[in-house]
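Every value quoted in this text rests on a predicted model; they were computed, and no experiment measured them. Residue indices begin at 1 and follow the sequence shown. Counting starts at 1 for both ligands and their atoms, in listed order.
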Amino acid sequence: ASHDAVIDARGICYSYGAHRAVNSVDLQVQRGEIFALLGTNGAGKTTTLEILQGFRAKEDGELKVFGTDPRQHPGTVRARTGVVLQEAGFFGEISVTATVKLWKSLSSRTDDVDRVLHTVGLDHRASHTVTSLSGGERRRLDLALAIWGNPELIILDEPTTGLDPESRRTLWSVISDLRGAGTTVVLTTHYLEEAEALADRVAIMHGGEIAVTGTLSEVLASRPSRVTVELDD
Ligand code: ATP
């Protein structure tokens, strides 16, 4: 394993009852890179992210996040990781600022409300209620909560699914700015263009397995027929 690996997973497996959802997955994510897990519905992406965060116990394999097993040292991983769940959707008649302040009171990390809202481009919506935000703005609010306290690792489960192209591009620019600041990002997506816009490296997941890993151009060049089939949603 590289010295700079933030995530080092080898042979990770997970089953729901008799259904093997994650099968012998190897994943290495280096510090400061954006890594995209690409795949269609049911490929096993969300389950894999949940294992990386220690929310689910792997059945088999070796896993190190920041050099430790997230099940043995959950606090270590949580303190250094920001997460956006799939369609987390904070709803409410409270303002954007109040939502971030609520988060502030729950978090062990310190940060500045104005900084995080500025980073995600929501300054002008600060006093608006969450229910009045557009879909894209809500995702940006989710991202504001994930970046609270400048975590070293940010995990995003389908950060732009269901958004219009313009909102997606806005989120892409916020996410690529995170890399500029040295943050490591792992995200899942159904969209090839999202991986193309953001990712330093990608893994194509299908049927619980990683079919191929590399830069997007390496992946597309190495096994074109298989990749095409797997991305054809
Ligand atoms: P999506 O893009 O739809 O989020 P995914 O790639 O994230 O899909 P997972 O959500 O990890 O895939 O699901 C992988 C497999 O495990 C699927 O076949 C799914 O039906 C199954 N699965 C997921 N969650 C559960 C659960 N709680 N109980 C039983 N089976 C589950």
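- Under a 4.0 Å heavy-atom criterion, D157 is not in contact with ligand 1.
- Between the side chains of T129 and T131, at least one donor-acceptor pair of N or O atoms lies under 3.5 Å.
- In the vicinity of T47, heavy-atom distances shorter than 4.0 Å reach the ligand 1 atoms 9 (P), 11 (O), 13 (O).
- Applying side chain to side chain contact (heavy atoms under 4.5 Å, CB included) to E137 and the options V96, L122, V130 leaves one that passes, L122.
- Residues E194 and L187 have side chains in contact (heavy-atom distance under 4.5 Å, counting atoms from C-beta outward).
- Each of the atoms 2 (O) of ligand 1 lies under 4.0 Å from some heavy atom of H190.
- In this structure, the side chains of F66 and L153 come closer than 4.5 Å at one or more pairs of heavy atoms.
- Under 4.0 Å from ligand 1, the heavy atoms of H19 that appear belong solely to its side chain.
- Listed by number with element, the atoms of ligand 1 under 4.0 angstrom from any heavy atom of A43 are 5 (P), 6 (O), 12 (O).
- Within 6.0 Å of NE2 on H118 lie no more than 12 heavy atoms contributed by other residues, nucleotides or ligands.
- Ligand 1 has no N or O atom lying under 3.5 Å from any N or O atom of R56, backbone or side chain.
- The distance criterion of under 3.5 Å between nitrogen or oxygen atoms is met by T46 with respect to ligand 1.
- The shortest N/O to N/O separation between G42 and ligand 1 falls below 3.5 Å.
- Taking the side chain as every heavy atom from C-beta outward, E218 and R201 never approach each other to under 4.5 Å.
- Using a 4.0 Å heavy-atom cutoff, E158 is listed among the residues neighbouring ligand 1.
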| query | Taking it one step at a time, do R20 and S15 satisfy side chain to side chain donor-acceptor pair (under 3.5 Å)? | reply | CA-CA 4 Å; R20 175 59 62 97; S15 301; 3.1 Å; yes

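- Residue N41 approaches ligand 1 through these ligand atoms, each under 4.0 Å from one of its heavy atoms: 1 (P), 2 (O), 3 (O), 8 (O).
- At least one heavy atom of G44 sits less than 4.0 Å from an atom of ligand 1.
- Contact of the E33 side chain with the V6 side chain is not registered, since no non-hydrogen atoms from C-beta on lie closer than 4.5 Å.
- Residue contacts with ligand 1 for V22 are absent, since no atom lies close enough (heavy atoms, distance under 4.0 Å).
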